[in-house]
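Here's the structure, in structure tokens; my notes come after.
Side chains are part of it too, since the values below use all heavy atoms of this structure and drop only hydrogens, waters and symmetry mates. Labels below follow one simple rule: chain letters A, B, ... track the order of the sequence lines, proteins then strands, and each chain is numbered from 1.
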Amino acid sequence: MSSHSDLLAAQIQAAISRAIERGDLIGTVPESIPLERPKNRDHGDYASSIALQLAKPAGKNPRDVAQMLKADLESLAEVSAVNIAGPGFINITLNRASQADLVRTILTAQESYGRGTALAGVKINLEFISANPTGPLHLGHTRWAAVGDALGRVLTAAGADVTREFYINDRGNQMDLFGQSVQAAALGQPIPEDGYKGEYIADLAIEVLAQNPAITALADEMRLIEFREAAYQLQLKDQQRVLDTFNTHFDVWFSERSLHDGGSVEHGVEKLRLQGHVFEVDGATWLRTTDFGDDKDRVLVKANGDLTYFSSDTAYYINKRERGFDICIYMLGADHHGYIHRLKATAACAGDNPEYNIDVLIGQLVKIMEGGEEVKLSKRAGTIITLEELVEKVGVDAARYTLIRYPVDTPMVMDIDILKRNTNENPVYYVQYAHARIAAVLRNAAELKIPAGLENFDPAQLSHDRENELLGSLAEFPRIVAGAAELREPHRIARYLEELAGVYHGFYADCRVLPMGDEPVLAIHSARINLCAATLQVLKNGLDLLGVSAPERM
RNA sequence: GUCCCCGUAGCUCAGUGGAUAGAGCAACCGCCUCCUAAGCGGUAGGUCGCAGGUUCAACUCCCGCCGGGGACACCA
């Protein structure tokens, strides 16, 4: 699907090429042409700073360079005016009818409008949340649940083949403590000092006993294992159920145990050894990650023969690559930022390109406010907020939207009271309201039997400034999706939707869509109905990328 | 000590090297006898932490400092 920006960029490249042939310019044709939507409407529909870049190497005045390219742009049927402004910006105004043809593009493409091919053929493993199955998912996991899921949708829209993966940390001390805690609760014994003390432990104990009343009669060792395994399965199922209600779905639930049972860890160490980065000191086996920018080397196998967590991590990475993933994305909490260097170094040690094959996103903390005060989160005090509680308080849409709306590398504050409000303070409603509002207009249009449908669409009717502005915003959507995928920043979708909703509301205030009273039905009404339908489609496509509903009525 | 993130309007925050730095809230002033007022329009509010550098152009990139938050293991 060729857009106006692609067309203009191609034409500018052709113009530069001709100017070089004429001898007016020296140098080569740039591979990419800067084209942006100017913030100021007076600067046209598109603006390019290409002349400013070309001027210096060519030894020319930027305005003169712009002048050389002007005629070629003006010759395009889609372009109505080209102006040279300021130091040498080329401001391009599109022919209104040609721009309005975008409505046809959107209504034909429907849910595929916005999709692209930038990541076509790329297999991506997207790992997020990856909680221990030893308790409910809490606020920290919730940010990843929302952002990770949205990122998965965005990457898919960019053409990638995405697998969403949840790494279950089902091995090690924490699991044993978890099992001991549930058993103690079931037997009425005190919970171990370092054990898990939340109320859910008692609930799990009751459930395990109900499932298997004979468990208490088992020998000590066997009984503990049974408690641990039964509670693990129950807790995992609970996490899966909660994520399901949160509209977050995984393709693969990857058990850490399966790595060990399948010999993948040994295989991973062996593979790294073959690459020549493994060495032995003091009886332990190390990976020389300092070869690739880590600040210290890492132990794979302890002197006592135990495998470290790091060995699991490296084995897991190698396992992912052997499953055919080109890019492994890790979404980790701020406390894991030290992992970036060692994961990248691991990739390098395995012979991969750490700049391409591995991508680590670090998320900052979420603070939560309620009743004007910060809610202090403490596992000990039992004041952790779970994903489920958050959803009960504010609903799936508000929770997801708010968590996705901010870049993950900045700390964010969630104000529960605001999220319960149905006002402008709560951006999700602003966007959803625009969708519902359009849906209402379209319902009314159908009732009035106004000819809608593309066969009644005359793009030349759309000449109002508000219509032009709305068309401009709609045209941006594919670029926004591509940018969000490339930069792994789904919040760009949310910000864009807020802008689009605002532009629509402005259009709605100034441009009457349906005929007033006894007014005759004109071509402008049909044209605006189609414009509304196109806007509805883009809002819906955008909300879908965030996993937020697009209500027909509010 | 080393490393990561942050510092933009009174508050919460956007801003991929471009023109006059934006939004919502809070403050003030307007707009519903006709399509959803959960909306729209306007006023006011800024040394983009400080100081250098790169560039035709810096909130944006680089260096240094100040301030805030977080992380360092043969733990898991």
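Within a 6.0 Å radius of CD in Glu447(A), no more than 12 heavy atoms belonging to other residues, nucleotides or ligands are found. Counting heavy atoms of neighbouring residues, nucleotides and ligands inside a 6.0 Å radius, atom NZ of Lys540(A) does not exceed 12 of them.
Taking the side chain of Arg495(A) as heavy atoms from C-beta on, and the options rU36(B), rA14(B), rC6(B), the nearest nucleotide is rA14(B). Comparing rG15(B), rC40(B), rA19(B) by their nearest atom to the side chain of Asn91(A) picks out rA19(B). When each of rA76(B), rU12(B), rC74(B) is scored by its nearest atom to the side-chain atoms of Asn173(A), the top-ranked nucleotide is rA76(B). The side chain of Arg512(A) has rC35(B) as its nearest neighbour among rG18(B), rG41(B), rC35(B). Nearest to the side-chain atoms of Tyr433(A) among the listed nucleotides rG39(B), rC34(B), rA19(B) stands rG39(B). With distances taken from any side-chain atom of Arg437(A) to the nucleotides rG18(B), rU36(B), rC35(B), the minimum falls on rU36(B). Side-chain atoms of Gln364(A) lie closest to rC5(B) of the nucleotides rG18(B), rC5(B), rC35(B). Side-chain proximity of Lys56(A) to rA14(B), rU55(B), rA38(B): nearest is rU55(B). Comparing rA19(B), rC35(B), rU12(B) by their nearest atom to the side chain of Tyr406(A) picks out rU12(B). Of the listed nucleotides (rA14(B), rU36(B), rU55(B)), rU36(B) has the atom at the smallest distance from the side chain of Tyr508(A).
Aromatic stacking of His337(A) on rA71(B): not satisfied for centres closer than 5.5 Å together with planes under 30 degrees. The side-chain ring of Tyr309(A) is stacked on the base of rA76(B), judged by centre separation under 5.5 angstrom and plane angle under 30 degrees.
Distances shown here put a side-chain N or O of Arg492(A) below 4.0 Å from the OP1 or OP2 atom of rU16(B). The phosphate of rU16(B) (OP1 or OP2) has no side-chain N or O of Arg479(A) nearer than 4.0 angstrom. Between Arg37(A) and the phosphate of rU16(B), there is no side-chain N or O to OP1/OP2 separation shorter than 4.0 Å. In terms of phosphate contacts, Tyr430(A) brings a side-chain nitrogen or oxygen within less than 4.0 Å of OP1 or OP2 of rC40(B). Lys296(A) has no side-chain polar atom (N or O) that falls below the 4.0 Å cut-off from OP1 or OP2 of rC3(B). Residue Lys39(A) places at least one side-chain N or O under 4.0 Å from the OP1 or OP2 atom of rA19(B). Dashed line: the shortest gap from a side-chain N or O of Lys302(A) to OP1 or OP2 of rC75(B) is under 4.0 Å. Phosphate contact (OP1/OP2 of rC56(B), side-chain N/O of Asn61(A), threshold under 4.0 Å): absent. In terms of phosphate contacts, His505(A) brings no side-chain nitrogen or oxygen within less than 4.0 Å of OP1 or OP2 of rU36(B).
Whole-Å rounding puts the His435(A) NE2 to rC35(B) P distance at 20 Å.
Relative orientation of the Trp286(A) and Phe279(A) rings is parallel, given thresholds of 30° and 60° on the angle between their planes.
Residues Gln174(A) and Thr134(A) bring no donor and acceptor atom of their side chains to less than 3.5 Å of each other.
Partner assigned to rU55(B) is none, using Watson-Crick or G-U wobble distances below 3.5 angstrom. Across all strands shown, rU16(B) remains unpaired; no Watson-Crick or G-U wobble contact has both distances below 3.5 Å. rC25(B): Watson-Crick or G-U partner is rG10(B), with both key distances under 3.5 Å. With a cut-off of 3.5 Å on both Watson-Crick or G-U wobble distances, the partner of rG30(B) is given as rC40(B). Across all strands shown, nothing is found opposite rG45(B) as a Watson-Crick or G-U wobble partner with both distances under 3.5 Å. With a cut-off of 3.5 Å on both Watson-Crick or G-U wobble distances, the partner of rA71(B) is given as rU2(B).
Projected onto RNA chain B by closest heavy-atom contact, Glu486(A) and Val281(A) fall at different nucleotides, the more 5' of which corresponds to Glu486(A). Each of Met516(A) and Met554(A) was matched to the nucleotide of RNA chain B holding its nearest heavy atom; the match closer to the 5' end belongs to Met516(A).
We find that Asp295(A) and Arg298(A) are joined by a salt bridge, their nearest charged nitrogen and carboxylate oxygen being less than 4.0 Å apart. Between Glu469(A) and Arg37(A), no side-chain nitrogen of the basic residue sits less than 4.0 Å from a carboxylate oxygen of the acidic one, so the salt-bridge criterion is not met.
A cation-pi contact links Arg495(A) to Tyr406(A), judged by a cut-off of 6.0 Å to the six-membered ring centre and 45° from its axis.
rA21(B) and rU60(B): their P atoms are spaced 15 Å apart (whole Å). Straight-line distance between the P atoms of rC28(B) and rC34(B): roughly 30 Å, to the nearest whole Å.
Judged by distance alone, with hydrogens and angles left aside, Tyr339(A) brings a side-chain donor or acceptor within reach of the base of rA76(B), the pair sitting under 3.5 Å.
In rC59(B) the O4'-C1'-N dihedral to the base is more than 90° from 0, which defines an anti nucleotide.
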